Amino acid sequence: MAQSVEIKCINKSDRYNIHERILNIGGLNNDGTRWKLSLNAAIKGIEDGEWAFYVSKAGRKVNVIIVKTSLGNKYLKTEADTTETNNLLELPECN
């Protein structure tokens, strides 16, 4: 069964351009240390059933899913929810 993991930060190739790619996702381990994964490692972990990522928005879990561009490139995004904001792209920058 996949481990449910909260994403708390991201790194993008251009922080202020919504069309740029997420390069890394990150968060906190139970012991308070930080973790960070490349986009490719995160996608592989989801596909292999190792992780199920989510973000928290207003106290709710919003699942992160893999989608493909029209050219077949995989990327991460949150499932549709009741907000109009992009829950994943609005996370702070990972250190």
Side-chain angles (χ1 to χ4, degrees):
M1 185 169 151
Q3 179 182 357
S4 184
V5 180
E6 182 178 5
I7 299 171
K8 293 195 166 272
C9 63
I10 62 169
N11 295 120
K12 285 176 46 176
S13 55
D14 180 346
R15 183 70 193 160
Y16 299 102
N17 183 343
I18 63 168
H19 299 291
E20 292 301 313
R21 244 178 115 84
I22 290 175
L23 301 174
N24 303 297
I25 61 170
L28 294 174
N29 293 309
N30 290 337
D31 63 4
T33 59
R34 293 186 174 143
W35 62 266
K36 186 158 70 169
L37 289 172
S38 70
L39 176 69
N40 290 337
I43 289 172
K44 183 174 182 340
I46 293 168
E47 291 176 334
D48 291 348
E50 187 174 354
W51 299 305
F53 294 106
Y54 68 94
V55 297
S56 289
K57 186 68 174 183
R60 282 190 49 226
K61 282 186 178 181
V62 182
N63 292 324
V64 173
I65 58 173
I66 300 169
V67 291
K68 287 185 182 180
T69 67
S70 58
L71 298 174
N73 297 316
K74 295 176 185 178
Y75 66 97
L76 299 178
K77 70 174 238 167
T78 52
E79 290 181 326
D81 64 2
T82 58
T83 68
E84 291 184 23
T85 59
N86 188 316
N87 301 320
L88 189 58
L89 294 177
E90 289 192 352
L91 291 174
E93 190 77 11
C94 293
N95 294 330

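Just the heavy atoms: all of them, side chains too, but no hydrogens, waters or symmetry mates, feed the values below. Quick caveat, the model's predicted, so the values are computed rather than measured.
With sequence neighbours excluded, the residues forming a salt bridge (charged side-chain N to carboxylate O under 4.0 Å, His left out) with E47 are K74, listed by chain and number. Listed by chain and residue number, S56 satisfy the side chain to side chain donor-acceptor pair (under 3.5 Å) test with E6 (two or more places apart in sequence, or in another chain). Partners of K44 by salt bridge (charged side-chain N to carboxylate O under 4.0 Å, His left out), not counting sequence neighbours, listed by chain and number: D48. S4 is linked by a side chain to side chain donor-acceptor pair (under 3.5 Å) to nothing, counting only residues two or more places apart in sequence or in another chain. Applying the side chain to side chain contact (heavy atoms under 4.5 Å, CB included) test to I46 and every residue at least two apart in sequence or in another chain returns F53, I66, L76. With sequence neighbours left out, the side chain to side chain contact (heavy atoms under 4.5 Å, CB included) criterion links S70 to no other residue.
Between atom CD1 of residue I10 and atom CZ of residue R21 there is a gap of 12.5 Å, rounded to the nearest 0.5 Å. Taken from CG in N87 to NZ in K61, the straight-line distance is 14.5 Å, to the nearest 0.5 Å. Of the inter-residue distances, the one linking K57 atom NZ with T78 atom OG1 reads 9.5 Å to the nearest 0.5 angstrom. Atom NZ in K8 sits 6.0 Å away from atom CG in L28 (nearest 0.5 Å).
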Contacts under 3.5 angstrom, residues 30-43 side chains, donor-acceptor by atom type, not counting sequence neighbours:
{"from": "D31", "atom 1": "OD1", "to": "T33", "atom 2": "N", "distance (Å)": "3.0"}
{"from": "D31", "atom 1": "OD1", "to": "T33", "atom 2": "OG1", "distance (Å)": "2.6"}
{"from": "T33", "atom 1": "OG1", "to": "N29", "atom 2": "ND2", "distance (Å)": "2.8"}
{"from": "K36", "atom 1": "NZ", "to": "N11", "atom 2": "OD1", "distance (Å)": "3.4"}
{"from": "K36", "atom 1": "NZ", "to": "N95", "atom 2": "O", "distance (Å)": "3.4"}
{"from": "S38", "atom 1": "OG", "to": "A41", "atom 2": "N", "distance (Å)": "3.1"}

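Each of L91, L89, I7 was checked for a side chain to side chain contact (heavy atoms under 4.5 Å, CB included) with I22, and the lone residue meeting it is L89.
Both L88 and V5 belong to a single network of hydrophobic side chains, linked directly or stepwise wherever heavy atoms of I, L, V, M, F, W or Y lie under 4.5 Å apart.
Summarising the geometry of C94 relative to G26, their closest heavy-atom pair is SG-N, 3.7 Å, with the distance given to 0.1 Å. When every heavy atom of A2 is checked against every heavy atom of A52, the shortest pair comes out as CB-N, 3.9 Å.
Grouping Ile, Leu, Val, Met, Phe, Trp and Tyr residues whose side-chain heavy atoms lie under 4.5 Å apart, directly or via other members, places I65 in a hydrophobic cluster with V67, Y75.
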